[in-house]
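Worksheet for the structure shown next.
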Number of protein chains: 2
Amino acid sequence: MTEDKKIECCDITEVHEDIVNHVRSKLPEESLLYDLAELFKVFGDSTRVRILVTLFESELCVCDIAEVLGMSQSAISHQLRVLKQGKLVKNRREGKSVFYSLADDHIRTIFQQGFDHIQE
Amino acid sequence: MTEDKKIECCDITEVHEDIVNHVRSKLPEESLLYDLAELFKVFGDSTRVRILVTLFESELCVCDIAEVLGMSQSAISHQLRVLKQGKLVKNRREGKSVFYSLADDHIRTIFQQGFDHIQE
DNA sequence: CTTTCATATGAACATATATTCATATGTATA
DNA sequence: TATACATATGAATATATGTTCATATGAAAG
């Protein structure tokens, strides 16, 4: 039952308890929300954002990304690893080079929505 | 001019230099990309994601959010501050309580796209 | 097989950040 | 005014994370 569940804070207990229970019943599964946060965490670094935006234009090898962004090959490589783990980029080998590209198109949509939010 | 700009890595210099210059010219302003990363950084924490999803359902006071998520009032209050700074939530005072709600609807769209990305 | 070059990776370091604890602020009520 | 309660906040702590440096891996060429 729910009536043995008591809310300690907030005086107007009954009203809030209803709302609390309703909201709780509507919440998505914990693991889904965790995964969502993990996805946004990957987007939440300016180096990774810059890499992804760079890849909007063209498939690129690691050293070209480093050149475009003015950063070390190692730093870029580490971040590409994070992006790959998040399934945001894919890569293919061509001789000594490895070319990276966007894994799917949700990224563009999400970034566009992000831009919209910022610019208002 | 551009020809004095030399790429140290990558043997096939000429080809890559073209791509690098092209991509560079298409990149959005640095500050915009920084702000975008800052926005996603706010989304990139499971407590804040859970707070936002909670607010999808209903306006709530701080102690109710804490109750729904099973966390301390202080922790929630600190995170609400971050969300407020990111202009993702707004609040209004009603007596001793402060009610928080979503600041705009981009958040739902962004989260939906995030869910879509995860579930494929 | 050895060398060269592009990329990947482990360790170390510095920085950022989420939560807790204690306490301050602000509002309503006795 | 004094008390109670909801919220906010500063300091401290623990943990996560981004970059650098050194080095390993892997592919092409001599």
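Atoms considered below: every heavy atom in the structure, side chains included; atoms not considered: hydrogens, waters and symmetry mates. Note that the structure is a prediction, hence the values are computed from the model and not measured. Numbers restart at 1 for each chain; the letters A, B, ... are given by sequence-line order, proteins then strands.
A:Glu17 has its side chain out of reach of B:Glu67: every pair of non-hydrogen atoms, C-beta onward, lies at least 4.5 Å apart.
Using cut-offs of 30° and 60° on the angle between ring planes, the pair A:Phe40 and B:Phe40 is parallel. Classified by interplanar angle (parallel below 30°, tilted 30° to 60°, perpendicular above 60°), the ring pair B:Phe115/B:Phe111 is perpendicular.
Atom pair B:Glu38:CD and D:dT17:P shows a separation of 16 Å (rounding to whole Å applied). One atom, CD1 of B:Ile76, and another, P of D:dA6, lie 16 Å apart when rounded to the nearest Å. When the P atom of C:dA8 is taken as reference, atom CZ of A:Arg92 falls 14 Å away, rounded to whole Å. Between the C1' atom of D:dA6 and the CD1 atom of B:Ile65 lies a distance of 13 Å, rounded to the nearest Å. Following rounding to the nearest Å, A:Met71 (CE) and D:dG18 (C1') show an atom-to-atom distance of 8 Å. For B:Leu69 and C:dT20, the CG to C1' distance is 17 Å, given to the nearest whole Å. Summarising the geometry, the separation between CD on A:Glu67 and P on C:dT7 is reported as 12 Å, rounded to the nearest angstrom. For the pair A:Tyr34 OH and C:dA18 P, the interatomic distance rounds to 13 Å; values are reported in whole Å.
Of the two residues contacting DNA chain D, namely A:Lys41 and A:Ser72, the nearest-nucleotide position lying further toward the 5' end is that of A:Lys41. Between A:Leu80 and B:Gly44, the residue whose closest nucleotide on DNA chain C is further toward the 5' end is A:Leu80.
For the pair B:Arg81 and D:dT9, the criterion of a side-chain N or O lying under 4.0 Å from OP1 or OP2 is met. Contact annotation: A:Arg93 does not reach the phosphate of C:dA6 (side-chain N/O to OP1 or OP2, under 4.0 Å). A sub-4.0 Å separation between OP1 or OP2 of D:dA6 and a side-chain N or O of B:Ser77 is absent. In this structure, A:Tyr100 does not reach the C:dA6 phosphate: none of its side-chain N or O atoms is under 4.0 Å from OP1 or OP2. Side-chain nitrogen and oxygen atoms of B:Thr47 include none within less than 4.0 Å of the OP1 or OP2 phosphate oxygen of C:dA18.
Dense packing is recorded around CD of A:Glu120, with more than 12 heavy atoms of other residues, nucleotides or ligands lying under 6.0 Å away.
Set against D:dA8, D:dG18, C:dA6, the side chain of B:Asn91 has D:dA8 as its closest nucleotide. The side chain of B:Cys63 has D:dT7 as its nearest neighbour among D:dT7, C:dT19, C:dT7. You'll find that the side chain of A:Val98 is closest to C:dA8, out of D:dG26, C:dA8, C:dT27. The side chain of B:Ser74 sits closest to D:dT9 out of D:dG26, D:dT9, C:dA8.
The closest donor-acceptor contact from the side chain of A:Arg93 to the backbone of A:Gly95 lies under 3.5 Å. Although no hydrogens or angles enter the test, the distance criterion places a donor-acceptor pair under 3.5 Å between the side chain of A:Arg48 and the main chain of A:Lys41.
On a pure distance criterion of 3.5 Å, no polar donor-acceptor pair joins the side chain of B:Gln73 and the base of D:dA6. With hydrogens and angles ignored, no donor-acceptor pair closer than 3.5 Å exists between the side chain of B:Gln79 and the base of C:dA18.
Contacts of B:Lys84 with the nucleic acid, taken as non-hydrogen atoms under 4.0 Å apart, are absent.
Under the stacking definition used here (centres under 5.5 Å, planes under 30°), the residue A:His78 fails to qualify as stacked on the base of D:dT19.
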